[in-house]
Amino acid sequence: MIDPEVGFTSDVIRDPTRFVGRTDLIRDCIKALNAPLGMIALYGKRGVGKSSLLRQIQQMALGDYTLAKKAGLEREIPARPRKYLTVYYACDSMIRSGESLVARLCNDQDDEDGLLRLVPNDGKEIVEFTRSKEASGGADLKVVNWGVKGIESSKYARVVESDVVQTFRNFTNSIIVHQVKNRMHRDSLLILLDEFDVIPGKDGLGSLIKSLSSQELKFGVCGIGHDLANLVEDHASVERLLEHGAIHVKPMSDYETMEILNTAEKLFAGALVFSERVKYEIAKVSEGYPYFTQLLGRECVAKANQKDTKNVSMDVFSEVLDDIRSGRSFPTLERAYQRAIGNSPDRQILLHLLAEQPEERTLFDDDVGRVFLKKVRKDAEDLDIQYIDQLLPRLLDSAFGPVLTRIPERPGIYEFVNPVFRLYVRLRQL
Ligand SMILES: Nc1ncnc2c1ncn2[C@@H]1O[C@H](COP(=O)(O)OP(=O)(O)OP(=O)(O)O)[C@@H](O)[C@H]1O
Ligand SMILES: [Mg+2]
């Protein structure tokens, strides 16, 4: 039995040796990290690989440029790259304001990623560790013992009653003096905020980040969005900070997607091989979404196990596709599919027509994925589907997904909220 997890994962990629492609983005990240001032903003569609890139930024911030070297960017790494200590926090929708974000950061007790771990105090035991297996891996700090008095950081960094922003400043200042400079001899502290898009009250967050940013404190935010405005609402206030740091994560090229499968083969160390044709077919149906590639890869391994073979041939892959077609393979996507169609064969057809609409790259937006209702109407008529306007609302209703969102600029244009779901519908049998 071959464990699919050896070569494939649906998790964020932390290990640089598993991270594939993205050379241009890595180049942008090197620039953004080495700008003395400024912030970083990663944005792009769901499941496109943002968080994985953010974890690679964290790695490079610590001074580990293995990935950049592997990508052939050795010459673009500054002779003396800026080095950081890092904080990583995933936001959630309960964060209502800049203040509550800052309060969360001040209270996050994650041993390896939290801000609080770095605040110096009596009795807290902090050790160096590396985040990767590489020998060159840059050292970071983690807490192994929070101390007898529990989490109390008043000695060096004062908690200011009912002024959380000031408390945050005190915390970061003391981290910069004691840990960043004195202990680790680094240039700056980097605070990475993932899932930044889910914060509902983003009002004023840009200007808060701006007021907190300095040569010694850089922020990086990451989340779903077509453009910067989706991510940082008052982005005008951080425009200058983002001169080098706005990074759009787009779908991968087919070549990169195939590289995920090549990398998996290496990780399986000969225990499993994919035929070139299968790699090509997987890349084709993945349309640059690495999440889908990883899912398909895993299914292929499971099927190869079932058939007791080490070769993922077209035969194996066709059986994988058959299982997907019948809805047996990906329970979460299948549930979303059933919820969306809601027992209506007509809505099912409409969903397929929308999902299968050929992509059109527009002049302004090469981030594809939009669907046009107008084009669907004709086909729907031919298939004798009436009342499209009554079938559509469920697909837009958040209680049933939502599967689609309206593009506000122009009526009749929609977008699949989850591009991977769209890919799934395309493979699913009608
Ligand atoms: N460079 C890469 N090489 C190989 N696999 C990748 C790469 N980037 C992402 N993946 C895979 O794609 C999937 C999605 O990655 P990730 O979680 O980073 O995306 P995301 O854009 O943050 O998603 P979400 O919008 O859901 O937060 C994961 O299974 C991950 O393993
Ligand atoms: Mg993510």
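Treat the numbers as computed from the prediction; the structure is a model and nothing was measured. One-based numbering, in listed order, for ligands and for the atoms of each.
For ligand 1, the polar-atom distance check finds no N/O of F19 at less than 3.5 Å from any of the ligand's N/O atoms. Residue V48 has at least one nitrogen or oxygen atom sitting less than 3.5 Å from a nitrogen or oxygen atom of ligand 1, judged on distance alone. At a 3.5 angstrom cut-off on N or O pairs, D11 counts as close to ligand 1.
Of all protein heavy atoms, the one lying nearest to atom 24 (P) of ligand 1 is G47 N, 3.5 Å. Of all protein heavy atoms, the one lying nearest to atom 5 (N) of ligand 1 is Q294 NE2, 3.0 Å. Nearest protein heavy-atom contact of atom 10 (N) of ligand 1 is P290 CB, 3.5 Å. Of all protein heavy atoms, the one lying nearest to atom 12 (O) of ligand 1 is Y291 N, 3.3 Å. The nearest protein atom to atom 1 (N) of ligand 1, hydrogens excluded, is given as V20 O, 2.9 Å; this is a heavy-atom distance. Of the protein's non-hydrogen atoms, K50 NZ, 2.7 Å is the one closest to atom 25 (O) of ligand 1.
No more than 12 heavy-atom neighbours from other residues, nucleotides or ligands sit within 6.0 angstrom of OH on Y291. Heavy atoms of other residues, nucleotides or ligands lying less than 6.0 angstrom from CZ of R183 number more than 12. No more than 12 heavy-atom neighbours from other residues, nucleotides or ligands sit within 6.0 angstrom of NZ on K310. The number of heavy atoms from other shown groups lying within 6.0 Å of CG (D92) is above 12.
Between the Mg ion (ligand 2) and S52 there is no N/O/S contact shorter than 2.8 Å.
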Practice problem: Would you please test S10 and Q294 for side chain to side chain contact (heavy atoms under 4.5 Å, CB included) and show each step? | Solution: CA-CA 6 Å; S10 51; Q294 300 272 3; 5.5 Å; no
Self-check item: Criterion side chain to side chain contact (heavy atoms under 4.5 Å, CB included) on R422 and Q357, from CA distance to verdict
Solution: CA-CA 10 Å; R422 180 181 191 178; Q357 194 169 93; 4.1 Å; yes
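Annotation for ligand 1: atoms under 4.0 Å from non-hydrogen atoms of T9 are 29 (O), 31 (O). When each atom of ligand 1 is checked for a heavy atom of S52 under 4.0 Å away, the hits are 8 (N), 9 (C), 15 (O), 16 (P), 18 (O). Listed by number with element, the atoms of ligand 1 under 4.0 angstrom from any heavy atom of V12 are 17 (O). Of all the atoms in ligand 1, the ones that sit under 4.0 Å from a non-hydrogen atom of I260 are 4 (C), 5 (N).
Ring-plane geometry between F274 and F8 is classed as perpendicular, the angle between the planes exceeding 60 degrees on a 0 to 90 degree scale with a lower cut at 30. Aromatic ring orientation, F421 versus F416: tilted (interplanar angle from 30° to 60°).
Ion pairing between E5 and R298 holds under the 4.0 Å rule for side-chain N and carboxylate O. We find that E334 and R428 are joined by a salt bridge, their nearest charged nitrogen and carboxylate oxygen being less than 4.0 Å apart. We find that E415 and K45 are joined by a salt bridge, their nearest charged nitrogen and carboxylate oxygen being less than 4.0 Å apart.
When non-hydrogen atoms are compared, ligand 1 lies under 4.0 Å from the backbone of R46 as well as from its side chain.
Judged by the shortest distance from any of its heavy atoms, G21 lies outside the 4.0 Å radius around the atoms of ligand 1. Ligand 1 lies within reach of M252, whose nearest heavy atom is under 4.0 Å from it.
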